Amino acid sequence: MPEGHVLHRAARLQGKRFNGCEVAVESPQGRFSAGADQLDGQTLEVIEAKGKHLFYRFESSDVLHIHLGLFGKFRLSRPPFPEPSPACRVLMSTSDDQLHLAGPNQCEILDPEATADVMDRLGPDPLRGPADGAEDFGRRLSTRKIPIGRAIMDQKIVSGIGNVYRSELLFMLGIDPFTPANKLGVDDVERLWALTVDELKAGERLGRIVTVTPDDSDGAKRRELAAGERLYAYKRDGKSCRRCHEPIVCADIDGRNVWWCRSCQH
DNA sequence: GTGTCATGCGTAT
DNA sequence: TACGCCTGACACG
């Protein structure tokens, strides 16, 4: 269940184990057998993330492109390796480490040009720290009349934000999700970019999304907050706002739910 | 066991 | 706007 922080964390943790290693690749499920054969025995040079996409660059210049979609999951293990699930699309191993992938939306081999095309289609990624990120993000928002709550889910505008971060970021800045994207002030755009960078980084480090900060949690550290205490808005409809105690509300934008506080966000 | 739901996205209508 | 795609966890009987 991946937003951008999950993919960057995967690139970092998997990279520690596999970058520079000759890997065995198979597809127990069989749906990626030809691709697995092509990669089997090659040296994996580096794993890279942009937005919600992962790119595994191999010595031959083959690039394994993975997008987890809604269901995809990675599992890393050390020997003795567990039995792969029947749905295991890709199993990548060295003698010391094994990566198990099930349920990806996309799993394909690209050449470097096609890889660049995929990356170019994505908006700036807050976790890649582009120097002009805020300006680029602002430019992409400025021409759009769609609600900001829809715009920040559009991976061509900013890459890596998903449904949890959408509700959380807008709550934290007091922005109504239905505000037209092009009506956001320069200050709000900058604050939104900066907060997105901070929150995605925190999620990458922690391995989970925790936005509630000590001020709103009696000083408890983020890492220690129990499930149900970690978020401000996401899936909290009917519960009381952690800041003003009015009820959190929920609406559908493009078939995905958004949660917000009518009193704090406008 | 069956049904439902989910942190996503592309394509068709 | 609807549907298809991919999997697994959990609620319910």
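The chains referred to below are lettered A, B, ... by the order of the sequence lines, with proteins before strands, and numbering in each begins at 1. Side chains are part of it too, since the values below use all heavy atoms of this structure and drop only hydrogens, waters and symmetry mates. Since this is a predicted model, take the numbers as computed values, not measurements.
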Q: Send over the distance from A:D254 CG to B:dT11 P, rounded to a whole Å.
A: 16 Å

Q.
Centroid distance below 5.5 Å plus an interplanar angle below 30 degrees: do A:F71 and C:dC6 meet both conditions?
A. no

Q. For DNA chain B, what residues of residues 165-175 of chain A have any heavy atom nearer than 4.0 Å?
A. none

Q: Give A:N163 one of three labels, base, sugar-phosphate or nothing, depending on what nucleic acid heavy atoms sit under 4.0 Å from its own.
A: sugar-phosphate

Q: Using a cut-off of strictly less than 4.0 Å, decide whether A:S85 has a side-chain nitrogen or oxygen near OP1 or OP2 of C:dT7.
A: no

Q. Rounding to a whole Å, what distance do you find between A:H53:NE2 and B:dG10:C1'?
A. 11 Å

Q | side-chain N/O A:H67 vs B:dG8 OP1/OP2, d < 4.0 Å | A | no

Q: Kindly say if A:R256 contacts the phosphate of B:dA6, meaning a side-chain N or O under 4.0 Å from OP1 or OP2.
A: no

Q. To the nearest Å, how far apart are A:I161 CD1 and B:dT7 C1'?
A. 13 Å

Q: Just grab all the side chain to side chain donor-acceptor pair (under 3.5 Å) pairs involving residues 256-266 of chain A, residues at least two apart or on different chains.
A: A:D237-A:W259

(Q) Can you measure A:L68 atom CG to C:dC6 atom C1' for me and round it to whole angstrom units? (A) 11 Å

Q: Measure the distance from NE2 on A:H65 to C1' on B:dC9 and round it to the nearest whole Å.
A: 11 Å

Q. Would A:H5 and A:Y165 count as a close aromatic pair, with their ring centres under 6.0 Å?
A. yes

Q. Rounded to the Å, how far apart are A:R31 CZ and C:dC5 C1'?
A. 8 Å

Q) To the nearest angstrom, how far is A:L70 atom CG from C:dG8 atom P? A) 13 Å

Q) Base, sugar-phosphate alone, or nothing: which one does A:Q106 contact when heavy atoms must sit under 4.0 Å apart? A) nothing

Q) Residues from residues 233-241 of chain A sitting under 4.0 Å of DNA chain B, heavy atoms only? A) A:Y234, A:K235

Q.
If the cut-off is 4.0 Å, is A:Q29 near the phosphate of C:dT7, judged by side-chain N/O to OP1 or OP2?
A. yes

Q | A:K52, nearest nucleotide to its side chain (from C:dG8, C:dC6, B:dG8) | A | B:dG8

Q: Might you confirm whether atom CG of A:D218 has over 12 heavy atoms from other residues, nucleotides or ligands at distances under 6.0 Å?
A: no

